[in-house]
Amino acid sequence: MIQRLPITLTRFLGTNTGQWRITSIKAVCGAGLPQAQFLNIDGDAEQRSIAWTIRGAASNLRYTTASERMALMAKQEGLGRAASTRAALIPIRKSEKWWAMAQDERRAVYERGAHLPIGLDYLPGVARKLYHSRDHGEPFDFLTWFEFAPEEEPAFDQMLARLRSCAEWEFVDREVDIRLSRV
């Protein structure tokens with residue numbers, strides 16, 4: 001019998017204290033999130049003044065082939081770099097039309113939009129980690145955490161614009177752009 005490890009959900013708390021100061025919260029499409037001063041990652045859930053909590057689980061790369069995974073590993077650097085004093089948390093929810101498609105149909109949309117090649121263009125300057133939320137009853141399907149140095153922010157904005165113009169984004173019905181600065 002295979003023993004499965006328990007799933008660990010990372011909590012992102014919009015609150016009055018935390019590791020990251022929130023510089024802006026912008027609804028890109030759909031409902032936004034209430035304003036908060038700080039983002040606390042996996043902090044004390046008993047804090048006062050929690051404006052919102054969203055959670056996700058780091059998981060395997062679901063739409064990535066072996067060769068794409070190797071390309072990512074060759075260019076991507078880890079999170080927590082000293083120079084990466086800026087960050088963004090981008091929660092996204094896809095439409096029911098997206099989830100009604102078969103896995104291969106979703107993969108075809110992902111490929112047509114060149115999602116991975118776009119992301120590779122901005123490595124290693126922008127580091128990222130993806131969290132899955134849909135399977136855990138959360139209001140978003142994906143939470144993507146990005147870290148970068150202040151001088152990389154224009155490139156990060158350009159990457160987001162390119163990604164948001166992809167075919168895949170036609171299926172996004174809720175997206176919030178949360179910008180942060182390390183405390």
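Once rounded to the nearest 0.5 Å, the distance linking CD1 of Ile25 with CD of Gln37 reads 10.5 Å. A distance of 8.0 Å separates CG in Leu163 from CD in Glu168, rounded to the nearest 0.5 Å. Taking CZ from Arg69 and CD from Gln76, the interatomic distance works out to 11.5 Å, rounded to the nearest 0.5 Å. Put simply, CG on Asp173 and CD on Glu96 are 8.0 Å apart, with the number rounded to the nearest 0.5 Å. Annotation: the span from Leu13 atom CG to Asp42 atom CG amounts to 8.0 Å, rounded to 0.5 Å. Atoms OG1 and CZ, from Thr17 and Phe38 in turn, are 7.5 Å apart once rounded to the nearest 0.5 Å.
Taking the side chain as every heavy atom from C-beta outward, Arg107 and Gln103 never approach each other to under 4.5 Å. Inter-residue side-chain proximity for Ser95 and Glu170 is flagged as unmet; no heavy-atom pair is nearer than 4.5 Å. Using a 4.5 Å heavy-atom cutoff, the side chains of Leu72 and Arg128 are in contact. A heavy-atom distance below 4.5 Å is not found between the side chains of Glu175 and Phe142. Side chains of Asp177 and Ser24 form no contact here, defined as non-hydrogen atoms less than 4.5 Å apart. Considering only heavy atoms from C-beta on, Phe171 comes within 4.5 Å of Met101 through its side chain. Residues Tyr110 and Leu116 form a side-chain contact, since some pair of their non-hydrogen atoms from C-beta on lies under 4.5 Å apart.
Note on Met159: it clusters hydrophobically with Ile92, by side-chain heavy-atom contacts below 4.5 Å among ILVMFWY residues. Transitive grouping of hydrophobic side chains (ILVMFWY, heavy atoms separated by less than 4.5 Å) brings Leu79 and Leu89 into a common cluster. Residues Leu180 and Val28 do not share a hydrophobic cluster, clusters being chains of Ile/Leu/Val/Met/Phe/Trp/Tyr side chains in contact below 4.5 Å. By the rule that hydrophobic residues join a cluster once side-chain heavy atoms approach within less than 4.5 Å of another member, Trp20 and Leu143 end up as members of one cluster. Hydrophobic clustering, with ILVMFWY side chains joined whenever heavy atoms are under 4.5 angstrom apart, groups Ile178 together with Trp145.
Between Pro91 and Ile54 the shortest heavy-atom distance is CG-CD1, 3.7 Å. Nearest heavy-atom pair across Ser181 and Thr23 is CB-CG2, 4.0 Å. Heavy atoms only, all atoms of each residue included: Ile118 and Arg162 are closest at CG1-NH2, 3.5 Å. Taking all atoms of both residues into account, the shortest heavy-atom contact from Cys166 to Gly113 is SG-O, 2.7 Å. Residues Val176 and Ala31 share a closest heavy-atom pair of CG2-O, 3.7 Å. Taking both residues in full, the closest heavy atoms of Arg174 and Pro139 are given as NH1-CB, 3.8 Å, listed atom of the first, atom of the second, then distance.
Side-chain atoms of Glu147 come within 3.5 Å of backbone atoms of Gly80 as a donor-acceptor pair (strictly under, hydrogens ignored). Within the 3.5 Å criterion, the main-chain N or O of Ile41 finds a donor-acceptor partner in the side chain of Gln19. A donor-acceptor contact shorter than 3.5 Å is absent between the side chain of Lys129 and the backbone of Ala58. Counting only distance, with no hydrogens or angles, the side chain of Arg11 and the backbone of Gly56 share no donor-acceptor pair below 3.5 Å. In terms of modelled atom types and a separation under 3.5 Å, the side chain of Arg81 and the main chain of Gly125 share a donor-acceptor contact. Remark: side-chain polar atoms of Glu138 are paired, donor with acceptor, to backbone N or O of Arg55 under 3.5 angstrom.
In this structure, a donor-acceptor pair under 3.5 Å is present between the side chains of Asp141 and Trp99. In the model, Glu152 has no side-chain atom that pairs as donor or acceptor with a side-chain atom of Tyr122 under 3.5 Å.
Applying the salt bridge (charged side-chain N to carboxylate O under 4.0 Å, His left out) rule to pairs touching residues 16-35 yields nothing, sequence neighbours excluded.
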Evaluate Arg93 against Ser133 for side chain to side chain contact (heavy atoms under 4.5 Å, CB included), listing each step before the verdict. CA-CA 9 Å; Arg93 184 182 68 207; Ser133 299; over 6 Å; no

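Using a cut-off of 4.0 Å between Lys/Arg side-chain N and Asp/Glu carboxylate O, Arg179 and Asp157 are scored as salt-bridged.
The ring-ring contact (aromatic ring centres under 6.0 Å, His included) test with Phe12 is passed by exactly one of Trp52, Tyr131, Phe140: Tyr131.
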